[in-house]
Amino acid sequence: RVDTLEARTSELEANQFSTTTKLVGSVVFGQQGSISSSDLLGSGSENVTFSHRTRLLFITSFTGQDKLITRLEAGNVVSPFSNVTNLAGLSYASNTGNTFNLTLLSYEFPLTDKIRVVVGQDVIMEDTHPLHSPLAGLGTGAITTFADRTPLLRQPSYGGLGLKWDLAKDWMVGLMYSAGSSPDPGAGKGLFDGSYSASASVNYLGPKFTAGLFYAHAYYSNPDNQGVTLLGGVGTQSLTNTFLRPVGGTTVTGDSVTTDSFGFQASAQFTPHFGAHGWFGYVDAQATHDNRDAELYTWALGVTFPDLFKQGSMGAITFGKPLSVSSTFGGKKDDKTPYLLEVMYKYSLNDNIF
C-alpha cells in the first residue's frame with residue numbers, strides 16, 4: 001500500500017501544473033439577438049450573433065495566506081444596441097478581437113489578523129466591496145450587466161489599493177482608492193491627476209442575510225475633450241457627456257464631472273430553494289467648470305430559486321430601473337424612465353457545464 005501511494009504521489013508531482021499556482025479556465029458561448037420598434041435602436045443592430053468569451057485565471061499563493069491573481073481574456077461578444085445604449089448590455093460582453101489580453105492583475109495579502117490589502121492593475125470594486133447578490137458573476141450569473149450587480153460599483157477603477165477590515169463577527173469594512181488611468185503620465189491622467197474613485201462600505205455578512213452601505217466620491221477627467229461616461233454607461237445615453245460644453249468655438253464635448261454615490265444592497269436566503277435580493281442607489285453629479293448638476297437613481301429587486309428542477313440549476317427574476325438622469329440643472333435629462341426585466345434559468349448539465 002505504501003509503494004502504491006509513493007507511485008501515485010510521484011505521478012502527481014511530475015504532472016502537476018505548479019506547486020504555487022492553480023489554473024482555472026472558463027468559456028462562455030453566447031447566441032444573442034434583438035428587436036426594436038424604434039428606428040434609432042434598430043438601425044443595423046438586429047442581427048443574431050454567436051460569440052464567445054474565454055478566460056484563463058492563474059491563482060498563485062506564496063505563503064498560503066496571500067493570493068496573486070492573473071487573468072488572461074479573449075472574446076468577440078458585442079452586446080445588442082451597444083452602438084446606441086448599454087441598457088441591453090450583456091454581463092459576459094468582451095470584445096478583444098479574439099486576442100488574449102491581461103484583464104486583471106491583483107495581489108491580496110494579510111496586513112494583520114483582521115486587515116487584508118488588495119493592490120494591483122485592473123482592480124475592481126468587488127475586490128474590497130462585497131456584492132450582495134447571488135446573481136453576480138460576470139457571465140456565470142445574470143445575463144445582463146444591470147442584473148449582475150448595482151451600477152454604483154462601476155466607479156472609475158484601473159490601478160489602485162484597497163483594504164478589507166474584519167470589524168467584528170459577520171461585520172466587514174471595505175475601503176478603496178483606484179485611478180482610471182493610473183499608468184498614463186499625460187496631463188489630466190495618472191494616479192492622482194486623472195479619473196479616480198475613493199470608496200467605502202460597511203457590510204453585514206450573516207449566513208442567511210447580508211446587507212451593505214456604500215459611498216463613493218469620483219472624478220471623471222476629460223483632458224483630451226473626448227467626453228466622459230458615468231458609471232460604466234450602464235443606463236441611458238444621458239450618462240455619456242451629461243454636461244456638454246463648447247470647446248474651440250464650435251466643438252461640443254462633455255465636461256469633466258465629479259460624482260457622489262450612495263447605495264444600499266441586501267440579500268436574504270429564506271429557504272434553501274428561495275431567496276431575494278435588491279439594491280437602491282443615488283448619484284449626485286456636478287460639472288467641473290460651473291454649477292451645473294444632475295441627479296441619477298437606480299434600483300432593483302430580484303428573486304432566486306436555487307436547485308430549481310435539478311441540483312446546481314437556478315431560476316431567477318430581476319426587475320429594476322437602470323441609471324437615468326431624473327433631474328438636472330444645465331445637463332441632459334431623460335424624458336422617459338427605463339425599466340429592465342430579466343427572467344433567467346440556468347440548467348446544470350454537470351459540475352462543470354451549465
Side-chain angles (χ1 to χ4, degrees), residues 1-31 50-77 91-124 126-128 130-131 133-143 148 159 162 164 166 172 205 207 269 272-273 304 306-314 345-354:
R1 292 172 62 183
V2 173
D3 289 343
T4 301
L5 181 61
E6 287 182 344
R8 294 176 64 183
T9 302
S10 299
E11 177 70 15
L12 179 62
E13 291 176 343
N15 292 280
Q16 66 181 336
F17 176 75
S18 171
T19 58
T20 59
T21 301
K22 179 180 180 180
L23 172 62
V24 179
S26 68
V27 178
V28 177
F29 291 109
Q31 179 174 309
F50 181 74
S51 50
H52 82 98
R53 188 202 68 189
T54 302
R55 284 179 170 175
L56 298 177
L57 197 67
F58 301 87
I59 305 173
T60 304
S61 180
F62 305 104
T63 67
Q65 295 181 319
D66 62 342
K67 184 168 59 176
L68 173 67
I69 298 180
T70 306
R71 186 176 73 194
L72 302 178
E73 181 174 320
N76 57 3
V77 183
S91 63
Y92 56 92
S94 175
N95 188 15
T96 68
N98 289 324
T99 300
F100 272 103
N101 292 336
L102 179 65
T103 58
L104 177 62
L105 181 63
S106 67
Y107 183 59
E108 180 178 327
F109 62 93
L111 185 64
T112 68
D113 291 341
K114 294 184 176 296
I115 299 177
R116 296 184 66 83
V117 178
V118 180
V119 61
Q121 291 289 303
D122 297 292
V123 293
I124 53 180
E126 67 181 85
D127 289 332
T128 57
L131 302 176
S133 170
L135 299 181
L138 294 176
T140 61
I143 298 172
D148 180 78
K164 296 191 290 187
D166 292 329
M172 192 270 281
L205 304 172
Q269 193 66 41
H273 301 289
T304 55
D307 299 329
L308 183 63
F309 302 132
K310 182 181 179 182
Q311 186 174 1
S313 299
M314 175 183 283
Y345 180 67
K346 179 170 65 175
Y347 180 76
S348 175
L349 292 177
N350 54 48
D351 291 341
N352 299 316
I353 302 175
F354 58 84

A side-chain contact here means heavy atoms from C-beta on lying under 4.5 Å apart; do [X] and [Y] qualify?
X	Y	value
Leu68	Phe58	no
Met314	Leu135	yes
Asn98	Asn76	yes
Asn101	Glu73	no
Asp122	Leu105	no
Pro306	Gln269	yes

Any donor-acceptor pair under 3.5 Å from [X] side chain to [Y] backbone:
X	Y	result
Ser313	Ser348	yes
Thr96	Gly75	yes
Thr103	Leu72	no
Tyr347	Lys310	no

Roughly how far, to the nearest 0.5 Å, is [atom2] of [Y] from [atom1] of [X]?
X	Y	atom1	atom2	answer
Thr60	Tyr107	OG1	OH	10.0 Å
Ile59	Thr20	CD1	OG1	12.0 Å
Ser91	Arg53	OG	CZ	7.5 Å
Ile69	Ser106	CD1	OG	4.5 Å
Leu131	Asp148	CG	CG	7.5 Å
Asp66	Glu108	CG	CD	9.0 Å

Kindly give the heavy-atom pair with the smallest separation between Gly159 and Gln121, and that separation in Å.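 The answer is CA-NE2, 3.7 Å.
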Testing the basics here: between Ala93 and Val77, what is the closest heavy-atom pair and its distance to 0.1 Å?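 Minimum heavy-atom contact is CA-CG1, 3.7 Å.
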Answer yes or no: are there more than 12 heavy-atom neighbours, outside Asn350 itself, under 6.0 Å from its atom CG?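 For Asn350, atom CG is crowded (more than 12 foreign heavy atoms under 6.0 Å).
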Should we say atom NZ of Lys67 is surrounded by more than 12 heavy atoms from elsewhere, each under 6.0 Å from it?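 No, the 6.0 Å shell around NZ holds no more than 12 heavy atoms from other groups.
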So Phe29 and His52, would you call those rings parallel, tilted or perpendicular, with 30° and 60° as cut-offs?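 Tilted: the ring planes of Phe29 and His52 meet at 30° to 60°.
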